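Everything on this sheet refers to the single structure shown next.
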Amino acid sequence: MCRLFAITSRTPVSPMVAVNALDVMREGHDGSGVGLFMRDLGGPFKEIKDAPILSGIFSEQGLRRMDAFMVNAGFSILYDLAIRPDRIPPSGTPKRDCYLIRAYDYPVAWKALDTRDIRNRLTGIRLELRAMGQEKDDMIVYSFWPDVVMIKEIGDPMRVACMLGLDREELKARIIMAQGRQNTNYAINLYACHPFFIQGYSTMTNGENTAFHPIREFLETRGFAGYSGYQSDSEVFTHILHYSAERMGLSIEAYKHVITPLQDADLELHSDGSFLRLLKNSCRKLIIDGPNCVIGSLPDYSLFMVQDRKKLRPGVVGGKDGLYAFSSEICGLDAVIPDRDQSKDFQPMHLDTVLVGPDRQEVKICRQTDPLRHRLSA
Amino acid sequence: MPSNRPIAPSTLSVKDLLWQIHWNRDKCTLCGSCTAVCPVKALELGVFRKRDVRIAMGIQGSADNVFSIYHGIRQKTDPAFACVGCGMCSMVCPNDAIMPVRSDETDKQRFHINRGGQARSRGGRRNSTDSLLDRIKFIRISMLTDPALDAGRHEFQIRTLLGRILPPEKSLEFSRNNGWMPPVREIYPLIIGGMSFGALSPNMWEGLQMGIAYLNEELGMPVRICTGEGGCPPRLLKSRFLKYVILQIASGYFGWDEILHAIPHMKEDPCAVEIKYGQGAKPGDGGLLMWHKVNRLIAAIRGVPPGVSLPSPPTHQTQYSIEESVAKMIQSMYMAWGFRVPVYPKISGTSTALAVLNNLTRNPYAAGLAIDGEDGGTGAAYNVSMNHMGHPIASNIRDCYLNLANLGVQNEIPLFAGGGIGKNGNLAANAAALIMLGASGVQTGKYIMQAAAGCLGSESDRCNICNIGKCPKGITSQDPRLYRRLDVEQVAQRVVDVFLSFDTELKKIVAPLGRSTSLPIGMSDALGINDHDAAQRLKIQYVV
Ligand code: SF4
Ligand code: SF4
């Protein structure tokens, strides 16, 4: 089973913090891969919060092709952090030319566009680059979005992080999500690595999604280009989140009602029963049925965790004012925030959504059987 | 046989018959029970003359003859009285002296059951035991990364939706603006399919209804039953139990006078209205209730004179096409109950099902589509229709589901599959296979008749005399002497048994697949079959 760790901090921290936590939980993953998601960035990126950042892995040829494409599309480089590892990669990790984190300025022609249009175009560009990369096998693109950096690679998380020198000053963030991968496929496709990201929403999961096929079929026919190219059954969790927030306008509290709706008896007693039943019926194809713990990050900088209907996966939240972490195991929390009040650690159960907002002051718990505080996203 | 005995073309011997009676003289006590019970009068008293040649032992003495007479039964060989293999004679024989045995070769009788140019008609089902559904396996078993669920201890919710479901964005928008939301019922995915009051005996009908009421009210299982085309007894129409009933309207509109008049007195809305355009057993043919079964009660409920055959036309006479039907009939049925009751059509399995479905997707009222495959059963139909007409259900459902999925409306119009589910006894496995191929639920009739009432029919042409009102089990007869054989409460009890065991079996199938809280509709990645062509056709895995 994979191990998950996420942290939200008032002051930017290095991704090494999360990698350390994964390292502590190494018994739970086989070191076959690592995925990192960073948002609310510090360092040089703090000044250019609106600039879309391209994250990915490129060969020299891929870089040239990508450059040509971006220039042609009217983008100009604002900041460039290209990590070109000079050492021999650790065993299991392929040799790469360049791990790229690059912020761009929008094309002049885009300035007049409304936000929605811009967002969809950013997604379009990411998908085009991904397709180009798959054609020639020379680039892998994880995200192209403001204030978001993603790094994924095959290999042991700690060794990969050291190779990339992730403890560098330029690379700090207030929100970091990290996954240590337990490989279930022989050939590892980096597009199958968590966390997944789409238009401001990111999630990572452990466990298997047994309802993957019908869910994928449903998403693929929603008429949105971003719902495509699934390499992992967990990617749909991110897309369901995006769909419920963006297309349906639902709050994060309601997300849980979409993926693991209440049963009839509970709905009957619920003060929002008729609304929730409507949701359950019309989103029936989005119900997840497997054992899953989902940790995710929202555009409003909050971090959340939800459990499956039977609570079959581990997950714990704890921290102190200004610094909270979500972890598969308590030892991960202990490694990163040893001085927290452990009696306040919380393990969400089958009805709970836990949320730490951008203020990083407290852990909010929404029980599914309680009245919905917010049906719709703010 | 004397040389002058006439042999007509249809003169048959016992050997030529499909069912041959084996009778044991040693055991027979001449009680006459078998001849009395035989529904087709296949047996008659037999008086046999017997000659014994007695030869003296030794050289002396001469041989002589002893003539004797003994009594027993004789099987008639006239095709009109041919044994149907029901086995009632065996059941009633106190000494186990009699048993019907199926011919070891293709019988000759079948070439003669058309006297006077009357093609054979019968009740029952397609005479073929072949079942593709039985060959489908559930192959995606959750293992290490995702331990299988516990069918006995984990929480399960085996439910499905009947009704038009709006896409997520639209349903929120409609609810915000207080727009009209199509009625949706959350029901159990195994429905008792349309068997009419008239086709079934009053005891059978009542037993089914009682079983359904118990399942709903005592066990919390929202099981629904469809009336078939024959109306509904007024007492039920005005009772609270109506909510468990799907009223069927078909081309004969039998019973609808009574139903419409009862609307103001209804305490509950019915679960749904099913408009029958076709049925799997006899596609393109209307319902048929033979005169034998139209007694005064049936006649009153259906609004016809007693003692006349009631053939429904193949199509609804008031309309010209299915498009018109969707537009008008669905709408007027909605109107009758103030748009609170889901209305959906039922068609027989056909290669044109997609065209029907496409029309329904464009009609915002259509609450679903029920498709009845070639293996569907019936109370009365021509043999040729039953055996040779219709479309297998698996590929029909699959095509329809994939079509809906292509359009992105796979959650909006539920498909219900019928015809041959559990024909070889594998009710839960067949139902689960169809659900994973894309059905939202399944309808079954024959299985219920067999399991809940002991119907003797089989796919090898056993019994199948449901059409003539002589059902030896009292299931499909309107003769009180026959239907009193069926105890209402015992039928109800068996209905409950069937659903409870089905529920356990269905959980035993979905739990290892890692599914428990939502029905795995369209989860075709869990299916495999050891037939390459079938796998390709159904777009499931080929496994050997
Ligand atoms: S098996 Fe049925 S039809 Fe045949 S002789 Fe016996 S009772 Fe009559
Ligand atoms: S037992 Fe009755 S219902 Fe069953 S096949 Fe015979 S006649 Fe038909």
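Computed from a predicted model, the values in this text were never measured in an experiment. To find a chain, count down the sequence lines: A is the first, B the second, and so on, and within it residues start at 1.
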Quiz item: Is the backbone N or O of A/Asn281 less than 3.5 Å from a side-chain atom of B/Asn411, with the two atoms forming a donor-acceptor pair by type?
Solution: yes

Quiz item: For atom OH of B/Tyr214, is the number of surrounding heavy atoms from other residues, nucleotides or ligands below 6.0 Å larger than 12?
Solution: no

Quiz item: Checking B/Pro520 against chain A: side chain, backbone, both or neither under 4.5 Å from a heavy atom?
Solution: neither

Exercise. Look up atom OG in B/Ser171 and atom CE in A/Met248, then write down how far apart they are to the nearest 0.5 Å.
Key: 5.5 Å

Exercise. Select one option (side chain, backbone, both, neither) describing which atoms of A/Asp264 are under 4.5 Å from chain B's heavy atoms.
Key: both

Self-check item: Side chain, backbone, both or neither of B/Ile521 within contact of chain A (heavy atoms, under 4.5 Å)
Solution: both

Quiz prompt | Worked check of side-chain contact (heavy atoms from CB on, under 4.5 Å) between A/His350 and B/Glu155 | solution = CA-CA 12 Å; A/His350 68 297; B/Glu155 166 199 71; 5.8 Å; no

Quiz item: Which bit of A/Leu286 comes within less than 4.5 Å of chain B, counting heavy atoms only: side chain, backbone, both or neither?
Solution: neither

Practice problem: Look at atom CD of B/Gln541 and say whether more than 12 heavy atoms of other residues, nucleotides or ligands are closer to it than 6.0 Å. | Solution: no

Quiz item: Are any side-chain N or O atoms of A/Arg284 and backbone N or O atoms of B/Glu412, one a donor and one an acceptor, separated by less than 3.5 Å?
Solution: no

Quiz item: B/Tyr401 versus chain A, heavy atoms under 4.5 Å apart: side chain, backbone, both or neither?
Solution: side chain

Quiz item: Does any heavy atom of chain A fall under 4.5 Å from the side chain of B/Ile165, the backbone, both, or neither of them?
Solution: side chain

Quiz item: Under a 4.5 Å heavy-atom cutoff, which of A/Gln263, A/Lys285, A/Lys310 has the most pairs with chain B?
Solution: A/Gln263

Quiz item: For the candidates B/Pro168, B/Gly522, B/Ser175, B/Gly408, which exhibits the highest count of non-hydrogen atom pairs separated by less than 4.5 Å from chain A?
Solution: B/Pro168

Quiz prompt | Structural part of B/Arg164 lying under 4.5 Å from a heavy atom of chain A | solution = neither

Self-check item: Closest non-hydrogen atom pair, B/Ser142 against A/Thr210
Solution: OG-CG2, 3.9 Å

Quiz prompt | Least distance between heavy atoms, B/Pro167 atom then A/Ser282 atom | solution = C-CB, 4.3 Å

Exercise. Identify which part of A/Ile288 has an atom lying under 4.5 Å from any heavy atom of chain B, answering side chain, backbone, both or neither.
Key: backbone

Quiz item: Above 12 or not: heavy atoms from other molecules or residues under 6.0 Å from NZ of A/Lys311?
Solution: yes

Quiz item: Do you know which two heavy atoms are closest between B/Met523 and A/Pro214, and how far apart they sit?
Solution: CA-CG, 3.9 Å

Quiz prompt | Verdict with reasoning, B/Glu186 to A/Leu267, per side-chain contact (heavy atoms from CB on, under 4.5 Å) | solution = CA-CA 13 Å; B/Glu186 191 165 8; A/Leu267 283 180; 5.8 Å; no

Quiz prompt | Residue pair A/His213, B/Arg140: steps toward the side-chain contact (heavy atoms from CB on, under 4.5 Å) verdict | solution = CA-CA 12 Å; A/His213 277 254; B/Arg140 190 203 174 287; over 6 Å; no

Practice problem: Using a cut-off of 6.0 Å, state whether more than 12 heavy atoms not belonging to B/Lys243 lie near its atom NZ. | Solution: yes

Practice problem: Taking the side chain as every heavy atom from C-beta outward, state whether A/Leu250 and B/Leu172 have any atom pair closer than 4.5 Å. | Solution: yes

Quiz item: Given a strict heavy-atom distance threshold of 4.5 Å, which part of B/Ser440 is in contact with chain A: side chain, backbone, both, or neither?
Solution: side chain

Exercise. Could you grab the distance from atom OG1 of B/Thr517 to atom CG of A/Leu262, nearest 0.5 Å is fine?
Key: 11.0 Å

Quiz prompt | Heavy-atom contact with chain B under 4.5 Å, split by part of A/Phe212 | solution = neither

Practice problem: Could you tell me which of B/Gly220, B/Gly163, B/Ser516 has the largest number of non-hydrogen atom pairs under 4.5 Å with chain A? | Solution: B/Ser516

